[in-house]
Amino acid sequence: MPEPILLDGKTLAKERQLKNRERVARLIESSGRVPVLATILVGDDPASATYVRMKGNACRRVGMESRKIELPSETTTEELLAVIDGLNADADVHGILLQHPVPPQIDERACFDRIRLDKDVDGVTTHGFGRMAMKEPAHGSATPAGIMTLLRHYGIELEGKHAVVIGRSPILGKPMSLMLLNANATVTTCHSRTRNLADIVRTADLVVGAVGRPRFVQADWVRPGVVLVDAGYNPGPVGDIDLENAAVKSSAYTPVPGGVGPMTISTLITQTIDTAEAALLNAG
Ligand code: NAP
């Protein structure tokens, strides 16, 4: 078996960062204004705080500004909606990121859906999801959109291939399945009620692990030559696929860390710049 290809998200994200820095510099020069991503963090979950910090740092690395909004864990849905309304109306803000998950008393879907479509740079709104599904212009959910960019970059063929996505969350598994379908893969979406999961995975040309359970997908579930995309990020860090044993059987795989994670942030930044360009250049 030939050596598997490492789908190196870290390096690709670095390359995109250079291009994005140039785009931001050009935008500032022509409009006199700096693109701004507003990030909203509700509560004090340390992992969420880390993700928001990483996204703020990524903004700074390309010359963008990040406006950090931190709200207490007892924030109500109405209070959060009011904050989102304010950011929607603020012409200085080009993208809005509401860090998921929010505390349980908050109606997360209502808050996601309040984000104005053109500022939905993380691709979380129902409207944006529907447009993406219909192949209309929209920002895709950042993690699956980043995965698609990575697969395209490495020339991974999807047409007619059987893609098995394990997980159906609104921000990851479900949009992933639709993006693969739109790329002409034949897609099976699996979840916690799926029967004979291992047998289904054995028929896959490409497997996306998006389960949230460390090393959940076993090496003996995958067939030789499979493409493995591990979207999982669990303490360790380890992914949702037992890459230690499964990667050698694959033709290509995303490492953890350094695969899907950097592509998620890179996609968020790229989509914010897209929005800022549309807003600032059209404004003249
Ligand atoms: P989630 O909302 O908890 O969804 C997990 C999905 O896995 C659900 O659809 C669930 O099925 C399914 N599932 C759970 N147990 C299963 C089982 N035994 N068999 C088959 N399916 C099962 O998680 P998420 O937000 O999508 O995240 C998934 C993973 O991706 C996590 O490891 C997370 O850390 C990682 N992640 C990484 C990034 C990144 O940038 N790298 C971004 C987001 C998430 P049901 O729908 O039936 O409950």
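Note that ligands are numbered from 1 as they come in the structure, with each ligand's atoms numbered from 1 the same way. Every value quoted in this text rests on a predicted model; they were computed, and no experiment measured them.
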J.: Any heavy-atom pair between the side chains of Pro170 and Phe129 that's under 4.5 Å?
T.: no

J.: Please could you name the atoms of ligand 1 that Thr264 approaches to less than 4.0 Å, counting only its heavy atoms?
T.: 39 (C), 40 (O)

J.: My understanding is that we take every heavy atom of each candidate and find the minimum distance to atom 6 (C) of ligand 1. Doing that for Ala210, Gly173, Pro214, which one comes out nearest?
T.: Ala210

J.: Set out, in order, the CA-CA distance, both residues' side-chain angles and the distance that settles salt bridge (charged side-chain N to carboxylate O under 4.0 Å, His left out) for Glu65 and Arg67, then state yes or no.
T.: CA-CA 6 Å; Glu65 213 174 279; Arg67 191 189 293 178; 5.6 Å; no

J.: At a 4.0 Å threshold, what atoms of ligand 1 neighbour a non-hydrogen atom of Asp240?
T.: 29 (C), 32 (O)

J.: Please determine whether the number of non-hydrogen atoms from other residues, nucleotides or ligands lying under 6.0 Å from atom CD of Gln105 exceeds 12.
T.: yes

J.: Taking 4.0 angstrom as the limit and counting only heavy atoms of Phe216, give me the atoms of ligand 1 inside it, by number and element.
T.: 17 (C), 18 (N), 19 (N)

J.: Answer yes or no: does an N/O atom from Arg193 fall short of 3.5 Å to an N/O atom of ligand 1?
T.: no

J.: How far is atom 42 (C) of ligand 1 from its nearest protein heavy atom, and which residue and atom is that?
T.: Thr143 OG1, 3.2 Å

J.: Give the residue, atom name and distance (to 0.1 Å) of the protein heavy atom nearest atom 37 (C) of ligand 1.
T.: Ala231 O, 3.0 Å

J.: Quick one: which ligand 1 atoms are inside 4.0 Å of a heavy atom on Gly212?
T.: 28 (C), 29 (C), 31 (C), 32 (O)

J.: So does Glu244 have more than 12 non-hydrogen atoms from other groups sitting under 6.0 Å from CD?
T.: no

J.: Among Asp85, Leu87, Ile84, Val121, whose side chain to side chain contact (heavy atoms under 4.5 Å, CB included) with Ile115 holds?
T.: Ile84

J.: In ligand 1, which numbered atoms sit nearer than 4.0 Å to a non-hydrogen atom of Leu172?
T.: 26 (O), 27 (O), 28 (C), 30 (O), 36 (N), 43 (C), 44 (C)

J.: Could you establish whether Asn234 and ligand 1 come within less than 4.0 Å of each other, counting only heavy atoms on the residue side?
T.: yes

J.: With the 4.5 Å side-chain cut-off for hydrophobic clustering, are Leu206 and Leu178 part of the same group?
T.: yes

J.: Under 4.0 Å from a heavy atom of Gly167: which atoms of ligand 1 are those, numbered in the order shown and with their elements?
T.: 6 (C), 7 (O), 9 (O)

J.: Does any N or O of ligand 1 fall below 3.5 Å from an N or O anywhere on Cys190, backbone included?
T.: no

J.: Among Val211, Ile166, Thr189, which one puts a heavy atom closest to atom 16 (C) of ligand 1?
T.: Val211

J.: Which ligand 1 atoms are under 4.0 Å away from a heavy-atom of Arg213?
T.: 15 (N)

J.: Flag yes if more than 12 heavy atoms outside Asp44 fall under 6.0 Å of its CG atom; otherwise flag no.
T.: no

J.: Given Met263, Arg168, His191, which one has a non-hydrogen atom that is nearest to atom 8 (C) of ligand 1?
T.: Arg168

